[in-house]
Trainee: 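Below is the structure I would like to discuss, written out as structure tokens.
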Amino acid sequence: MSEHTSSSSSSSPRGLHIITWGCQMNVYDSARMADVLRPLGYAPVDRPEEADMIILNTCHIREKAAEKVFSELGRLRKIREARKLEKGRDTFLAVAGCVAQAEGKELLARAPFVDLVLGPQTYHRLPEMVARVTRAGGGVIDTDFPVETKFDFLPDEAAPQNSANLTAFLTIQEGCDKFCSFCVVPYTRGMEVSRPVASVLAEAKRLVESGVRELTLLGQNVNAYHGEWQGEPLSLAGLAEKLRAIPGLLRLRYMTSHPRDMEESLMVAHRDNPIFMPFLHLPVQSGSDRVLKAMNRGHTADEYRDIIKRLRQLRPDIALSSDFIVGHPGETDEDFEATMQLVKDISFASAFSFKYSARPGTPAAGQPFQVPEDVKDRRLARLQALLREQQDAFNASLVGTIQDILVTGPGRKPGQLSGRSPYLQPVHFEGDSSLIGQIVKVHITTQRTNSLGGLLHEEALAV
Ligand code: SAH
Ligand code: SF4
Ligand code: F3S
């Protein structure tokens, strides 16, 4: 690494403002970029006006991604100019993430005032790149897929990602090589790579020691995780078993999974590993076999139904969430009705649904029979109405039950606490702030649009 990296912290802290768009993997990456920059004297600030360095961490998954980046860059440029004028201070401007990876060159050409463009796999080189920019006077790009993985170079301390430090994301896998017809991820994040077990366990331990009680393991295909432990292959179920042994880690989740990699051993772990939460995000995208094939998903609608059936056998309280795309090229009314039927058959606790958006360079973008926008709009509205109904019904079904709630912090009103249910719903109830960080039993009494209300039933179950 360069001489700049090894130089000691600057005496006066420098402000770092990171704007994060996209998935949880970007949220994790932003926290780690902050970690990497800390030894250079950068500390997070809330407002871009106060920042010596601004990083825009971008997402490329759906339409107008690049346009959104340029308009945000225009805003940040003005802030930077005003700061220079008023305070005489320079602001370093970097664009990171998946738009940087996919369109880095165009980005620099259209926004030459950007100092640095870096892809998701190279942020461990940030200090070195910052030094290079300083030497070159701006306009540096690093969107390699390096042979070394960023995980080998990350500093030891890990910043947990919520204010109470009780829940955190942990990336255990990068990239994807499933090549679904519609998706940019294999091009922006590169091939699938699993992070070594020892490195995952070390970070998990550090997080738990710093107070984290609930971990979410991240990867674009996280259930395809394959590590190695003492010469033997280790699956996600095996990794979860190792994580279970960390004292103080109470809850474990993982996302995003692919139905194709939902192995029996992992499903059984949902019954046998008590730290697994009974909630799974398992995107299906469509309920039509024809569309699933066109999407290159590698499974049928009935295979998906079978997975859910098995999971429910093993873990009757499990709730499901999913992702859907309407209007993939070639999707007919009949195909869409098959999606509606699948949703009715399964009943989801929550879901994300999107209109298909053609992504440059992906196979689906070039296919004939693109579905007209107004048809997509109508299908999305119907699907979302059904999913909303199911989500409301699921929330309503919890009223009258007693749930284990991880108390994550104070509520909005005095004397109130805020917590997280096993199903990720925010739950509000009266209680003493000494309960923060513990799992308590709460009698759920009310259902609101996006949260639940309740009464403390029994204090301090664990920790
Ligand atoms: N790896 C995950 C999802 C990654 S992207 C998986 O395989 O399921 C998150 C979601 O964005 C996808 O599940 C999909 O529903 C949606 N998405 C991805 N590309 C899209 C596109 N081109 N148009 C619309 N939605 C898209
Ligand atoms: Fe994209 Fe498919 Fe990979 Fe998910 S599995 S990241 S949708 S290519
Ligand atoms: Fe977006 Fe990249 Fe995540 S495209 S969804 S930020 S992997």
Side-chain angles (χ1 to χ4, degrees), residues 18-30 33 56-66 68-69 95-103 118-121 123 143 169 171 173-193 217-225 254-262 280-287 291-292 294-299 304 320-329 331 339 348 350-367 370-371 373 376 379-380 383-384 387:
I18 307 185
I19 300 164
T20 309
W21 294 340
C23 64
Q24 281 82 356
M25 300 189 69
N26 264 10
V27 175
Y28 176 86
D29 284 353
S30 289
M33 284 193 272
L56 180 58
N57 196 4
T58 59
C59 172
H60 203 237
I61 202 83
R62 279 173 291 273
E63 64 191 333
K64 304 202 180 91
K68 217 174 130 195
V69 171
V95 182
C98 292
V99 176
Q101 185 65 47
E103 300 187 28
L118 71 153
Q121 305 309 342
Y123 65 67
T143 48
F169 294 131
T171 296
Q173 183 213 49
E174 270 292 338
C176 177
D177 38 26
K178 292 268 194 299
F179 291 94
C180 298
S181 62
F182 50 83
C183 183
V184 288
V185 171
Y187 312 97
T188 62
R189 293 254 165 187
M191 295 309 258
E192 188 191 294
V193 182
L217 306 177
L218 299 180
Q220 283 297 353
N221 257 291
V222 72
N223 56 338
Y225 178 86
Y254 55 95
M255 72 184 296
T256 299
S257 296
H258 195 294
R260 232 152 89 186
D261 298 309
M262 208 63 219
L280 181 66
H281 182 64
L282 192 63
V284 63
Q285 316 297 355
S286 167
V291 174
L292 285 169
M295 286 177 163
N296 192 30
R297 292 290 287 181
H299 65 85
Y304 186 84
L320 278 307
S321 128
S322 198
D323 290 346
F324 296 90
I325 295 178
V326 299
H328 184 274
E331 186 188 73
T339 300
F348 292 94
S350 68
F352 300 96
S353 43
F354 312 98
K355 282 193 288 179
Y356 167 74
S357 147
R359 309 310 295 131
T362 58
Q367 281 171 22
Q370 299 284 331
V371 176
E373 272 317 293
K376 287 189 215 170
R379 288 181 188 164
L380 187 67
L383 176 62
Q384 289 188 337
L387 290 167

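Counting starts at 1 for both ligands and their atoms, in listed order.
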Trainee: Is it the case that the side chain of Gln370 and the backbone of Ala364 share a donor-acceptor pair, with hydrogens and angles ignored and the cut-off at 3.5 Å?
Mentor: yes

Trainee: Give a yes or no answer on whether the side chain of Ser181 reaches the backbone of Asn296 with a donor-acceptor pair at less than 3.5 Å.
Mentor: no

Trainee: Is Met25 touching ligand 3 with its side chain, its backbone, both, or neither, if touching means heavy atoms under 4.0 Å apart?
Mentor: neither

Trainee: Checking Lys178 against Asp261 for the side-chain contact (heavy atoms from CB on, under 4.5 Å) test, could you report, in this order, the C-alpha distance in whole Å, the side-chain angles of both residues, the deciding distance, and whether it holds?
Mentor: CA-CA 11 Å; Lys178 292 268 194 299; Asp261 298 309; 2.8 Å; yes

Trainee: With atoms numbered from 1 as shown, which atoms in ligand 2 lie under 4.0 angstrom from a non-hydrogen atom of Phe182?
Mentor: 7 (S)

Trainee: Among all the protein's non-hydrogen atoms, which is closest to atom 6 (S) of ligand 3, and how far away is it?
Mentor: Asn26 ND2, 3.2 Å

Trainee: Determine whether a donor-acceptor pair (N or O, by modelled atom type, separation under 3.5 Å) exists between the side chain of Thr362 and the backbone of Cys183.
Mentor: no

Trainee: Looking only at protein heavy atoms, which one is nearest to atom 2 (Fe) of ligand 3, and how far off is it?
Mentor: Cys98 SG, 2.2 Å

Trainee: Restricting to under 2.8 Å, identify the protein N, O or S atoms around atom 3 (Fe) of ligand 2 as residue plus atom.
Mentor: Cys176 SG

Trainee: Report the C-alpha separation of Lys376 and Glu331 in whole Å, then their side-chain angles, then the decisive distance to 0.1 Å, and conclude whether the salt bridge (Lys or Arg N to Asp or Glu O under 4.0 Å) test is met.
Mentor: CA-CA 10 Å; Lys376 287 189 215 170; Glu331 186 188 73; over 6 Å; no

Trainee: Going by the order shown, which atoms of ligand 3 are within less than 4.0 Å of some heavy atom of Gln220?
Mentor: 3 (Fe), 7 (S)

Trainee: Take every heavy atom of His60, measure it against each atom of ligand 3, and state whether any distance is under 4.0 Å.
Mentor: yes

Trainee: Going by heavy atoms, is Gln24 under 4.0 Å from ligand 3?
Mentor: no

Trainee: Quick one, list the residues around ligand 1 where some non-hydrogen atom comes in under 4.0 Å, by chain and residue number.
Mentor: Ile61, Arg62, Phe182, Gln220, Thr256, Pro283, Gln285, Arg297, Asp323, Ile325, Phe354, Lys355, Tyr356, Ser357, Arg359

Trainee: Take Ser322 and Tyr304 through the test side-chain contact (heavy atoms from CB on, under 4.5 Å) and record every step on the way to the result.
Mentor: CA-CA 11 Å; Ser322 198; Tyr304 186 84; 3.7 Å; yes

Trainee: Tell me, please, whether Phe182 has Arg359 positioned over its six-membered ring: NZ or CZ under 6.0 Å from the ring centre and within 45 degrees of its axis?
Mentor: no

Trainee: Got a sec: is Cys59 within less than 2.8 Å of atom 1 (Fe) of ligand 3 via an N/O/S atom?
Mentor: yes

Trainee: Between ligand 2 and Arg297, can you find any atom pair, the residue atom being a heavy atom, that is separated by under 4.0 Å?
Mentor: yes

Trainee: Kindly indicate whether the side chain of Asp177, heavy atoms from C-beta on, has any atom under 4.5 Å from the side chain of Pro186.
Mentor: no

Trainee: I'd like to know if the side chain of Thr188 and the backbone of Cys98 have a donor-acceptor N/O pair within less than 3.5 Å.
Mentor: no

Trainee: Considering only heavy atoms of Ile61, which atoms of ligand 3 have at least one such atom less than 4.0 Å away?
Mentor: 4 (S)

Trainee: Could you check if a side-chain atom of Thr256 sits within less than 4.5 angstrom of a side-chain atom of Val222, using non-hydrogen atoms only?
Mentor: no

Trainee: Would you mind checking if Glu373 and Lys355 are paired as a salt bridge, meaning a charged N to carboxylate O distance below 4.0 Å?
Mentor: yes

Trainee: Just to confirm my output: which protein heavy-atom neighbour is closest to atom 3 (Fe) of ligand 3, and how far is it?
Mentor: Cys23 SG, 2.3 Å

Trainee: Please confirm whether the backbone N or O of His258 pairs with a side-chain atom of Asn223, one donor and one acceptor, at under 3.5 Å?
Mentor: yes

Trainee: Give a yes or no on whether Phe352 atom CZ has more than 12 heavy-atom contacts from other residues, nucleotides or ligands under 6.0 Å away.
Mentor: no

Trainee: Evaluate Phe354 against Val326 for side-chain contact (heavy atoms from CB on, under 4.5 Å), listing each step before the verdict.
Mentor: CA-CA 6 Å; Phe354 312 98; Val326 299; over 6 Å; no

Trainee: Give the intermediate values and the outcome of side-chain contact (heavy atoms from CB on, under 4.5 Å) for residues Leu387 and Ser353.
Mentor: CA-CA 9 Å; Leu387 290 167; Ser353 43; 3.9 Å; yes

